[in-house]
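What you see is a predicted model, and the numbers here were worked out from it, not measured in a lab. Below, chains carry the letters A, B, ... as their sequence lines are ordered, and counting in each starts from 1.
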Protein chains: 2
Amino acid sequence: MRKTPRQARSREMVERIVTAGRAVLIADGYDAFSTNRVATVAGVSPGSLYQYFPDKAAILDVVIDRYWEEVAERVAASLADRIGEFGPAMVRDTADALLTALEADRELLRVVAEELPVQRSRERRAALERRVRELVATYLAARPATSHRPQAGVAAWVVVLAVEGLAMRWVLDQPAFVSREELLDEMLALVGGYLLA
Amino acid sequence: MRKTPRQARSREMVERIVTAGRAVLIADGYDAFSTNRVATVAGVSPGSLYQYFPDKAAILDVVIDRYWEEVAERVAASLADRIGEFGPAMVRDTADALLTALEADRELLRVVAEELPVQRSRERRAALERRVRELVATYLAARPATSHRPQAGVAAWVVVLAVEGLAMRWVLDQPAFVSREELLDEMLALVGGYLLA
DNA sequence: TCACGCCGCGAGCGATTGCTCGCTTTCAAC
DNA sequence: GTTGAAAGCGAGCAATCGCTCGCGGCGTGA
């Protein structure tokens with residue numbers, strides 16, 4: 001950030017710019033994400049925009065950061081709530097939380113996952129994965145009975161990646177032959193079968 | 001294609017352009033993928049380039065199509081060879097073939113998977129997935145003993161997605177805590193445990 | 001109320017990019 | 001050898017985009 005907004009109106013302006021950035025991404029895709037367009041949609045002049053954002057990427061960063069932060073928050077909260085629980089119910093609930101979080105902003109997920117030059121988005125998403133992976137790894141290490149896999153870290157990597165991949169693709173592609181409940185059943189079978197194999 | 005090259009030299013030129021496009025993508029990333037740059041690297045004038053390619057995207061399409069076609073060819077071939085076989089060995093061999101195919105051009109995979117506005121790439125990758133998924137589905141349907149999952153189509157979707165996701169991420173991220181052999185073991189446990197859960 | 005600093009404006013600069021067009025060179029059929 | 005088509009060239013057009021800068025309006029403390 002080039003300058004911190006001090007008065008109320010400038011704080012609102014920064015907010016409007018971020019919202020407009022998100023709107024442009026959803027409505028017209030990344031190609032249309034030009035600084036002038038974002039400024040127009042925000043009802044703001046390009047000059048004003050550049051008083052608070054050093055460059056175009058900075059706007060994008062805020063939009064992306066907010067998105068993944070929201071998803072991470074929901075999943076981590078659900079996982080943390082159930083860290084004392086045991087077995088299949090916990091897996092199902094967490095997967096459900098992830099699905100819900102991804103479904104909440106499907107249009108933005110589409111742009112973020114399929115259209116963006118994802119350097120920045122990757123970092124954020126990797127952070128989310130690491131966060132969840134560590135929770136899963138400590139959980140597995142603490143309860144050997146839940147897993148026959150020798151290395152908790154590796155098992156956590158596999159589980160998180162598989163579940164995340166399935167969730168994202170299901171939300172984005174909406175395959176007609178798998179309902180939401182079926183998907184959760186399949187995830188449960190996948191994770192359970194793997195850990196106890 | 002705007003015009004079909006008739007003489008040998010023009011066919012060579014088209015070839016040089018595609019090769020240059022791939023080289024630019026790998027060396028400098030998608031941002032540097034400008035028509036003038038590709039033409040320069042190919043040792044060709046922009047005008048010549050536009051005699052055979054209608055626009056910039058067309059060059060990119062050929063590069064991407066060739067890449068996924070190569071991967072699909074290898075995996076499908078390996079799978080088709082082992083369609084008569086049975087059980088774990090087949091899974092392992094196919095996953096191995098996928099890994100090898102992805103490793104063969106890791107730099108291009110990185111650009112294609114992480115940096116490209118992937119509309120076109122997605123279609124191609126989806127085609128590869130569909131191809132493999134159908135092979136897996138018919139295999140599962142024909143041999144009920146290998147799977148306790150009630151719906152072969154759903155099971156194929158889950159298996160292909162999970163294995164592909166793990167393979168891509170492993171090749172791209174090269175996580176230090178999972179060796180290639182370990183990865184194949186984990187994939188086997190994942191698929192085997194799921195199908196027989 | 002005055003004055004200073006925060007705020008906001010928007011025309012437009014400088015650079016880049018995708019692509020064209022008029023021209024020359026090379027090839028192949030007769 | 002002649003000729004017409006195919007191939008190739010490259011300066012540069014038109015448009016876009018990220019970003020700046022000089023100027024005026026507004027809020028706030030004294």
* **Other residues, nucleotides, ligands: >12 heavy atoms within 6.0 Å of B/R180 CZ** => yes
* Asked: Below 4.0 angstrom from OP1 or OP2 of D/dA7, is there any side-chain N or O of B/R2?
  -> no
* To do: Using whole Å, report how far NZ of B/K3 lies from C1' of C/dT20.
  => 14 Å
* Lys/Arg N to Asp/Glu carboxylate O, A/E164 vs A/R169, below 4.0 Å -> no
* Measure the distance from CG on A/N36 to C1' on C/dT16 and round it to the nearest whole Å. => 15 Å
* Rounded interatomic separation in angstrom, taking CG from B/L49 and P from D/dG10 -> 14 Å
* To do: Quickly work out the B/F53 CZ to C/dT20 P distance and round it to whole Å.
  => 15 Å
* Out of D/dG8, D/dA6, D/dC9, which has the shortest distance to the side chain of B/Q7? -> D/dA6
* Asked: Quick one: on DNA chain C, does B/G47 or B/D31 contact a more 5' nucleotide (nearest heavy atom)?
  -> B/D31
* How many Å lie between CD on B/Q51 and P on C/dT24, as a whole number? -> 16 Å
* Keeping the roles fixed (side chain from A/R82, backbone from A/S78), state whether a donor-acceptor pair exists under 3.5 Å. => yes
* To do: Between B/P46 and A/A8, just flag the one whose closest nucleotide in DNA chain D comes earlier from the 5' side.
  => B/P46
* Structure fact -> A/Y30 atom OH is separated from D/dC17 atom P, nearest whole Å, by 12 Å
* Rounded to the nearest Å, what distance is computed from the CD1 atom of residue A/I17 to the P atom of nucleotide D/dC19? -> 13 Å
* Asked: Distance check: side-chain N/O of A/Y50 vs OP1/OP2 of D/dC21, anything under 4.0 Å?
  -> no
* Asked: Heavy atoms, side chains only, cut-off 4.5 Å: are A/F53 and A/R2 in contact?
  -> no
* Asked: Do B/D55 and C/dC19 share a donor-acceptor pair, side chain to base, under 3.5 Å?
  -> no
* To do: Name the residue closer to the 5' end of DNA chain C, choosing between B/F33 and B/R9 according to the nucleotide with the nearest heavy atom.
  => B/F33
* Counting distance only, does the side-chain N/O of A/E129 pair as donor-acceptor with the main-chain N or O of A/A126 below 3.5 Å? -> no
* To do: Report the distance from atom NZ of B/K56 to atom P of C/dT20, rounded to the nearest whole Å.
  => 15 Å
* Does A/S48 make a side-chain N or O approach to OP1 or OP2 of C/dC7 shorter than 4.0 Å? -> no
* Structure fact -> Comparing A/T35 with B/R16, nearest DNA chain D nucleotide closer to 5' gives the residue B/R16
